[in-house]
Amino acid sequence: MILKRFHQNPDDRTIRDLYGAIVAQARSLAFYTSYGVPDTVQGRFDLIVLHLVLLLARLDREAASARGIGQKLFDLFCRDLDANLREMGVGDLAVPKRMRQFGEAFYGRQAAYLAALRSPDGRALEKALARNIFNGMNGDGPRRLARYARGLLREFEVHDRSALLRGAVAFPKQEAVVMPEPKSRDFAAPWRVPVTVEEVAESGQHFDLIADAPIRAAVAKVVGLRDLPRFEASFDVTRRGSGGLHITGSISATVCQNCVVTLEPLANEVEESIDLIFEPPELAPKTAAHPEGQRHGVDWNDPEPLIGGGVDLGALAIEFLILGLDPYPRKPGAVFETLQDVNPDQGPFAALGRLAKRQEGH
């Protein structure tokens, strides 16, 4: 397989180590059992692409030598994919077409993910992941994977440059990191600022909210923070149609978390944008159901349900605070143990080939 050829010089070993680490992380069971990524050839391909896009984005901001490593990393990805397509039984005449399809998929996802990371829309990355990995469905899976991706990008930003260029990249284990889930809006929020449709003027209403010390302490306990020295929110609320609301704004906070490596305290800033539409449930479109009768997800174009004729801005602010938390807070210089999960004598897509053959046998 392709990795066997990478023993000639230190640069080749760097590429092999980086690529092997990406594939090892993309194989992690938690993505498929906890995050809900489809355990298929396409699902595994998409996770490798996501990790590769994030690492290439980091390398692209370095000097020419680092960008050269990024290009070689992408070249290895393409060669290994080509080799494994052939091993999976794809004929010589069909391989170029399949490679073009995979190339288009990679570049399309790369453009979508990088644009989403730059977007002021706090949920743009969730939407991009939902479209590309979760068949367009909203829910916990895209939300958790978006938080993971943002945290991983921040991890790359503080990663030691020289270690990265030696191929020493390490990924945190998802199962070992507490990833708080957004609370439903009917939970007992410690910050309550209810607003009903009737209270909102026809011209709209602006809210500047600052949580006081008792509220911040209560929110920190609910969210799982060491401390919450500052928590503010700004909302513009306007009426929409027959009984609906359009809410835009942002939340801003200073949070104190524990470093996931050293467990020492560290402070981070959280900034999240909000743009949501709320409508009464009876006006919401019907949602596809799971074959067993359970709700499978909702389309990103669907409005949020307006329960009881109003929205609790405090609970909404807490939800977006949770979404904006770094799932892997790490002090500069604190290093995770490098994963050793790839057999260097196998191509990283070998598992995909075996998976495809099993699926074809069903």
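For clarity, every value in this text was computed on a predicted model and none was experimentally measured.
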| query | Going by atom types alone, do Q257 and D326 pair a side-chain donor with an acceptor below 3.5 Å? | reply | no

| Sub-4.5 Å side-chain heavy-atom contact between R216 and P190 | no

| Does I322 offer a backbone N or O that forms a donor-acceptor pair with the side chain of R147 under 3.5 Å? | yes

| query | Is any side-chain N of the basic residue among R109 and D46 closer than 4.0 Å to the acidic one's carboxylate O? | reply | yes

| Mutual orientation of the aromatic rings belonging to Y148 and Y35 [parallel < 30°, tilted 30-60°, perpendicular > 60°] | perpendicular

| said: Looking only at the aromatic ring of each residue, does the gap between the centers of Y107 and F74 stay below 6.0 angstrom? | reply: yes

| query | Say you draw a straight line from CG of L321 to CH2 of W191; how long is it, rounded to the nearest 0.5 Å? | reply | 9.5 Å

| field | Cation over ring face, R58 and F156, 6.0 Å, 45° | value | no

| query | So, for L306 and P281, which heavy atoms are closest and what is the spacing to 0.1 Å? | reply | O-CD, 3.3 Å

| message | Tell me whether L323 shares a hydrophobic cluster with I277, the cluster being built from Ile, Leu, Val, Met, Phe, Trp, Tyr side chains joined at under 4.5 Å. | response | no

| task | Under the side chain to side chain contact (heavy atoms under 4.5 Å, CB included) rule, what do V49 and F77 come out as? Steps first, then yes or no, please. | result | CA-CA 9 Å; V49 167; F77 166 72; 4.2 Å; yes

| task | Supply the atom-to-atom distance I22 CD1 to R27 CZ, rounded to the nearest 0.5 angstrom. | result | 12.5 Å

| Contact check, side chains of L313 and I247, non-hydrogen atoms, under 4.5 Å | yes

| task | Using modelled atom types only, decide if a donor and an acceptor are shared between the side chain of S119 and the backbone of A115 within a distance under 3.5 Å. | result | no

| query | Okay, side chain of E199, backbone of T196: is any donor-acceptor separation there less than 3.5 Å? | reply | yes

| query | Is there a side-chain contact between E271 and I251, using heavy atoms and a 4.5 Å cut-off? | reply | no

| Is it the case that H246 and D236 place a side-chain donor and acceptor less than 3.5 Å from each other? | no

| remark: Closest heavy-atom pair, A116 versus A128, reported as atoms and distance to 0.1 Å, is CB-CB, 4.4 Å

| Backbone of V200 reached by a side-chain donor or acceptor of R239 within 3.5 Å | yes

| message | To check you understand the geometry: which heavy-atom pair defines the closest contact between V195 and L245, and what is its length? | response | O-CD1, 4.5 Å

Using atom types as modelled, flag every donor-acceptor pair under 3.5 Å from a side chain in residues 223-235 to any protein atom, sequence neighbours excluded.
unit_1, atom_1, unit_2, atom_2, d
R226, NH1, N258, OD1, 2.9
R230, NE, T254, OG1, 3.1
R230, NH1, S252, OG, 2.8
R230, NH2, S252, OG, 3.2
R230, NH2, T254, OG1, 3.4
R230, NH2, E269, OE1, 2.8
S234, OG, D208, OD1, 3.2

| query | Are any non-hydrogen side-chain atoms of D212 and I215 less than 4.5 angstrom apart? | reply | yes

| So do I15 and K72 actually touch side chain to side chain, heavy atoms under 4.5 Å? | yes

| note | In this structure, CG of L152 is separated from CG of L55 (nearest 0.5 Å) by 8.5 Å

| request: Specify the closest pair of heavy atoms between P142 and L129, including all atoms of both residues, with the distance to one decimal. | output: O-CD1, 4.1 Å

| query | Do R44's NZ or CZ and the ring of Y32 fall within the cation-pi criteria of under 6.0 Å and 45°? | reply | yes

| task | Measure the spacing between CG of L145 and CG of L125 and express it to the nearest 0.5 Å. | result | 7.5 Å

| message | Please determine whether residues L153 and L266 belong to a single hydrophobic cluster, defined as Ile, Leu, Val, Met, Phe, Trp and Tyr linked transitively by side-chain heavy-atom distances below 4.5 Å. | response | no

| query | Got a second to check how far L59's CG is from L18's CG, nearest 0.5 Å? | reply | 7.0 Å

| query | Which pair of non-hydrogen atoms, one from E272 and one from G324, has the smallest distance, and what is that distance? | reply | OE2-CA, 3.4 Å

| Interatomic distance, D60 atom CG to L56 atom CG [nearest 0.5 angstrom] | 8.0 Å

| field | Test item: N132 and L50 side chains (from C-beta on) under 4.5 Å apart, heavy atoms | value | no

| Heavy-atom pair of closest approach, residues F320 and S273 | CE2-O, 3.7 Å

| query | Hey, is E304 close enough to R123 for a salt bridge, meaning N to O under 4.0 Å? | reply | yes

| said: Is there a side-chain contact between N268 and P329 in this structure, where contact means two heavy atoms from C-beta onward sitting under 4.5 Å apart? | reply: yes

| query | Between P305 and E279, is any pair of side-chain heavy atoms under 4.5 Å apart? | reply | no

| field | Parallel, tilted or perpendicular, as decided by the 30° and 60° cut-offs, for the rings of F31 and H51 | value | perpendicular

